[in-house]
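Written below as structure tokens is the structure these notes are about.
All chains are named by letter (A, B, ...) in the order of the sequence lines, taking the proteins before the strands, and each is independently numbered beginning at 1. All heavy atoms count here, side chains included; hydrogens, waters and symmetry mates do not.
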There are 2 protein chains.
Amino acid sequence: MANMKDIAKIARVSLGTVSHVLNNSANVRPHLRERVLDAVQKAGYQPSQLARGLRRDKTNVIGMIIPDITNPFFPGVVRGAEDTAFANGYRLILCNTDNDHAKELAHLKELQTYLPAGLIVIPSNFSDLTAQAECYRKAGTGVVCVDRLPRNWAGDSVTADNQEGALEATRYLLQVGHRELAMIVGPQHLTNAKDRLNGFRKAIREAKLHVKPEYIQETSFDKNGGYTKALILLRLIPRPTAIFAGNDMIALGVLRAIRESGLRCPEDVSVMGFDDLDIAELTSPPLSSVSQSGYQLGTTAAHILIGRLHGDKNPARHIVLKTSLSIRNSVAAPTDMGVS
Amino acid sequence: MANMKDIAKIARVSLGTVSHVLNNSANVRPHLRERVLDAVQKAGYQPSQLARGLRRDKTNVIGMIIPDITNPFFPGVVRGAEDTAFANGYRLILCNTDNDHAKELAHLKELQTYLPAGLIVIPSNFSDLTAQAECYRKAGTGVVCVDRLPRNWAGDSVTADNQEGALEATRYLLQVGHRELAMIVGPQHLTNAKDRLNGFRKAIREAKLHVKPEYIQETSFDKNGGYTKALILLRLIPRPTAIFAGNDMIALGVLRAIRESGLRCPEDVSVMGFDDLDIAELTSPPLSSVSQSGYQLGTTAAHILIGRLHGDKNPARHIVLKTSLSIRNSVAAPTDMGVS
DNA sequence: CTTGTCAGTTGAAAGCTTTCAAGTGCAATC
DNA sequence: GATTGCACTTGAAAGCTTTCAACTGACAAG
């Protein structure tokens with residue numbers, strides 16, 4: 001590969017001039033500029049991102065740290081971030097934490113040696129991101145938090161309006177006629193899981209109802225958790241007529257539990273999910289769910305980050321994206337049978 | 001961040017010695033080695049991957065180029081690759097091509113300036129990878145192809161045994177009693193799509209049957225394609241009693257087409273998919289499918305690549321992973337009605 | 001005591017870019 | 001015609017590591 005020296009020689013200018021042309025960092029007279037551009041074209045020259053990064057103390061790489069690309073919610077976020085990053089000349093380094101904060105920490109430490117321009121992070125369970133991000137921020141590296149926030153996070157963030165989404169979904173369940181509502185919530189140390197529960201409770205309060213403690217079950221955000229906890233709920237007397245799942249993966253487990261208990265959804269038990277993944281319309285019955293756009297989460301985060309890199313000095317932004325309700329067939333009015 | 005010079009000073013040794021200790025590149029007497037290690041520990045020193053990459057003409061980054069992380073088959077591959085890469089000290093830069101070979105080319109060109117240690121590529125439609133990889137190979141960068149191969153690919157590759165998988169699946173359909181078999185194949189310029197068709201044809205030949213040309217429909221690997229082509233197949237007389245979909249996404253479209261045509265699966269039409277995605281067990285009826293492990297595709301590719309980076313000079317390897325049949329409820333014996 | 005050997009250690013050079021202080025040449029001004 | 005100012009241009013330095021030729025010191029052999 002040609003290097004800058006070669007270009008300088010071909011264009012009969014100095015190294016500095018080539019750099020100025022390439023970075024628009026100084027006025028260069030048109031005829032020289034053209035000579036340089038011609039030489040670049042001819043030699044198929046591309047600047048070494050390594051040398052540039054080394055000199056500038058910053059690369060065009062964005063570190064993206066997520067729990068697990070295999071979880072169907074995250075690919076959309078990553079794709080959104082990648083599209084926006086790429087369009088602005090940035091590349092994405094992808095790291096999976098499996099929700100393990102030790103692994104997250106390892107990634108954070110290691111990533112530093114690549115001098116990334118910024119970080120987009122979906123924090124792990126019990127993330128120590130707030131402390132770590134301090135190091136990055138000191139080095140001038142932006143960090144944007146997505147989907148959920150670690151303890152004491154004061155930096156930029158993009159999340160869905162989890163509380164409002166859950167509120168609306170619960171209102172809908174109430175409006176359809178349900179009174180015995182249960183919720184299987186995600187890990188309550190995760191802000192998004194907590195907000196969803198808050199929304200649920202708020203709707204219940206609005207309706208002047210009460211929820212028995214055992215009607216609220218906590219589990220991890222996956223199918224198995226949903227399955228296990230749903231089995232517990234379905235054995236309660238009176239049996240809840242509707243189960244609000246903390247996310248769609250949990251909802252999948254709930255549907256299975258209902259089926260395997262010899263019950264029917266929605267006739268015996270209604271189910272509401274959260275996330276509105278592609279799979280929501282494949283289940284039987286198709287799953288009603290609170291819709292949020294992972295893709296938009298990703299693009300928004302990347303935009304904020306890139307804004308920072310371009311010098312945006314405004315105070316931390318906390319973007320909260322609207323959710324909407326995707327109504328399918330997993331929710332129906334309760335039959336009298338169900339209510340004791 | 002401390003740099004190597006600082007470490008050298010703290011440990012009272014030369015720059016070279018620090019480097020030797022860190023890279024095990026020369027024998028260093030124990031007491032010096034210890035001094036260096038102590039200093040590294042104390043200063044929390046981590047070598048700059050940029051400077052190292054610049055000097056060595058090679059980084060610890062692996063470029064991963066895939067069509068679209070949002071397509072449910074690919075996250076598994078990426079995760080497999082990332083796990084293996086990470087375990088060996090490599091990082092993954094993720095690039096989506098949307099199956100557009102121009103975008104692929106852009107990624108390939110740009111990635112070069114990061115001096116990646118290697119590339120793991122799922123080629124786009126009409127990929128020009130073979131030519132591009134030549135440049136990389138010349139620079140000592142390994143390239144491994146996954147899932148499907150571009151024209152004239154002679155380098156390392158990891159694919160599923162698409163032909164054998166399709167062969168077995170088709171045999172199964174035949175064994176269940178189907179005689180009027182149709183297939184909706186993926187784009188025939190993709191080797192995996194072609195191999196699956198070959199397997200299908202082979203099984204048909206074995207059974208001394210014939211397939212009418214209109215029973216084989218080609219489309220892109222997605223739901224919509226499957227839907228459109230299935231509608232065509234379902235209007236044929238005689239109507240096929242079983243449809244083999246080129247992948248699970250196509251199968252989703254087929255299921256929808258069957259439902260919307262007022263037919264039932266599997267009573268009226270049996271459906272077989274390929275890939276055995278997580279969603280296969282969610283459809284109604286649950287989808288029988290040829291199972292292949294994306295994760296294993298990813299780990300295997302990364303292992304081969306890392307082997308190359310460690311100096312493996314053996315001739316190109318073409319690993320073909322076994323598939324298996326996941327039998328669910330979307331396939332049943334044909335009713336006499338269906339056969340004219 | 002000299003010489004040779006060898007393991008271990010050193011410091012400079014190279015890798016490619018950006019940045020900055022210093023330099024060049026031209027035009028305008030007096 | 002000399003001077004000043006301006007607008008570019010230049011080349012060296014810096015950023016951090018690896019590598020290699022050269023060096024050091026110790027020890028063995030003659």
Side-chain angles (χ1 to χ4, degrees), chain A residues 1-37 39-40 43-61 89 110 112-117 139-141 309, chain B residues 1-37 39-40 43-61 89 110 112-117 139-141 309:
Chain A
M1 268 286 289
N3 63 17
M4 220 158 115
K5 218 159 146 190
D6 300 331
I7 302 301
K9 202 180 297 171
I10 300 178
R12 304 189 311 278
V13 297
S14 74
L15 234 51
T17 302
V18 177
S19 176
H20 289 316
V21 170
L22 261 38
N23 299 298
N24 263 316
S25 49
N27 274 333
V28 175
R29 272 183 306 181
H31 67 286
L32 289 193
R33 151 174 259 101
E34 198 161 330
R35 287 221 303 261
V36 170
L37 261 20
V40 166
Y45 167 74
Q46 289 187 291
S48 156
Q49 295 294 336
L50 292 184
R52 160 184 283 231
L54 180 58
R55 181 60 234 247
R56 282 224 190 136
D57 253 14
K58 175 164 296 196
T59 61
N60 287 328
V61 162
E110 262 235 34
Q112 266 186 90
T113 67
Y114 290 91
L115 299 184
T141 312
L309 302 180
Chain B
M1 270 287 288
N3 62 19
M4 220 159 117
K5 217 159 144 190
D6 299 332
I7 301 301
K9 203 180 298 171
I10 300 179
R12 304 188 311 278
V13 297
S14 73
L15 235 51
T17 303
V18 178
S19 177
H20 288 316
V21 171
L22 263 37
N23 299 298
N24 265 315
S25 48
N27 273 335
V28 175
R29 271 182 306 179
H31 67 287
L32 289 193
R33 149 173 261 101
E34 199 160 328
R35 287 221 303 262
V36 170
L37 261 21
V40 166
Y45 167 75
Q46 289 187 290
S48 156
Q49 294 294 335
L50 292 183
R52 159 184 283 233
L54 181 59
R55 182 59 234 245
R56 282 222 188 137
D57 253 15
K58 176 164 293 194
T59 61
N60 287 327
V61 162
E110 261 235 35
Q112 266 187 89
T113 67
Y114 290 91
L115 299 184
T141 312
L309 302 180

Notebook entry, point to check: Heavy-atom count around B:Q46 CD within 6.0 Å, excluding the residue itself: above 12?
Noted result: yes
Next item on the list: List for me each residue that meets side-chain hydrogen bond (donor to acceptor under 3.5 Å, both in side chains) alongside A:N60, sequence neighbours excluded, and say none if there are none.
Entry: A:Q49
Next item on the list: Apply the test side chain to side chain contact (heavy atoms under 4.5 Å, CB included) to residues A:L22 and A:V40: give CA-CA distance (whole Å), side-chain angles for both, the deciding distance (0.1 Å), then the verdict.
Entry: CA-CA 9 Å; A:L22 261 38; A:V40 166; 4.1 Å; yes
Checklist line | Boundaries of the DNA chain D segment in contact with chain A, non-hydrogen, under 4.0 Å | finding: D:dC8 to D:dC16
Looking only at non-hydrogen atoms, find the nearest pair between [X] and [Y] and report the distance.
{"X": "B:A43", "Y": "B:I10", "answer": "CB-CD1, 4.4 Å"}
{"X": "A:L54", "Y": "B:A51", "answer": "CD1-CB, 4.0 Å"}
{"X": "B:L15", "Y": "B:K5", "answer": "CD1-CA, 3.5 Å"}

Next item on the list: Check the pair B:V61, A:V61 against side chain to side chain contact (heavy atoms under 4.5 Å, CB included), reporting the backbone distance first and the verdict last.
Entry: CA-CA 11 Å; B:V61 162; A:V61 162; over 6 Å; no
Next item on the list: Quick one: which residue pairs count as a side chain to side chain donor-acceptor pair (under 3.5 Å) with a foot in residues 7-24 of chain B, not counting sequence neighbours?
Entry: B:S14-B:T17, B:S19-B:N23, B:H20-B:S25, B:N23-B:R52, B:N24-B:R33
Next item on the list: Under 4.0 Å from any atom of DNA chain C, heavy atoms only: list the residues of residues 17-33 of chain A that qualify, in numerical order.
Entry: A:S19, A:H20, A:N23
Check: Is there a side-chain contact between A:V28 and A:V36 (heavy atoms, below 4.5 Å)?
Finding: no
Checklist line | Five-pair end axes of the helix from C:dC1-D:dG30 to C:dC30-D:dG1 and the angle they enclose, rounded to 10° | finding: 70°
Next item on the list: Find which nucleotide of DNA chain C each of B:S14 and A:A2 is nearest to by heavy atoms, and output the residue with the more 5' nucleotide.
Entry: B:S14
Item checked: Residues A:T59, B:L50; criterion side chain to side chain contact (heavy atoms under 4.5 Å, CB included); working and verdict -> CA-CA 9 Å; A:T59 61; B:L50 292 183; 3.5 Å; yes
Notebook entry, point to check: For the atom pair OG (B:S48) and CG (A:L115), what is the distance rounded to the nearest 0.5 Å?
Noted result: 5.5 Å
Checklist line | Value rounded to 0.5 Å, distance of CG in B:D57 from OG1 in B:T141 | finding: 9.0 Å
Next item on the list: Can you sort out which residues in residues 50-57 of chain B have a heavy atom within less than 4.0 Å of DNA chain D? Ascending by number, please.
Entry: B:A51, B:R52, B:R55, B:R56
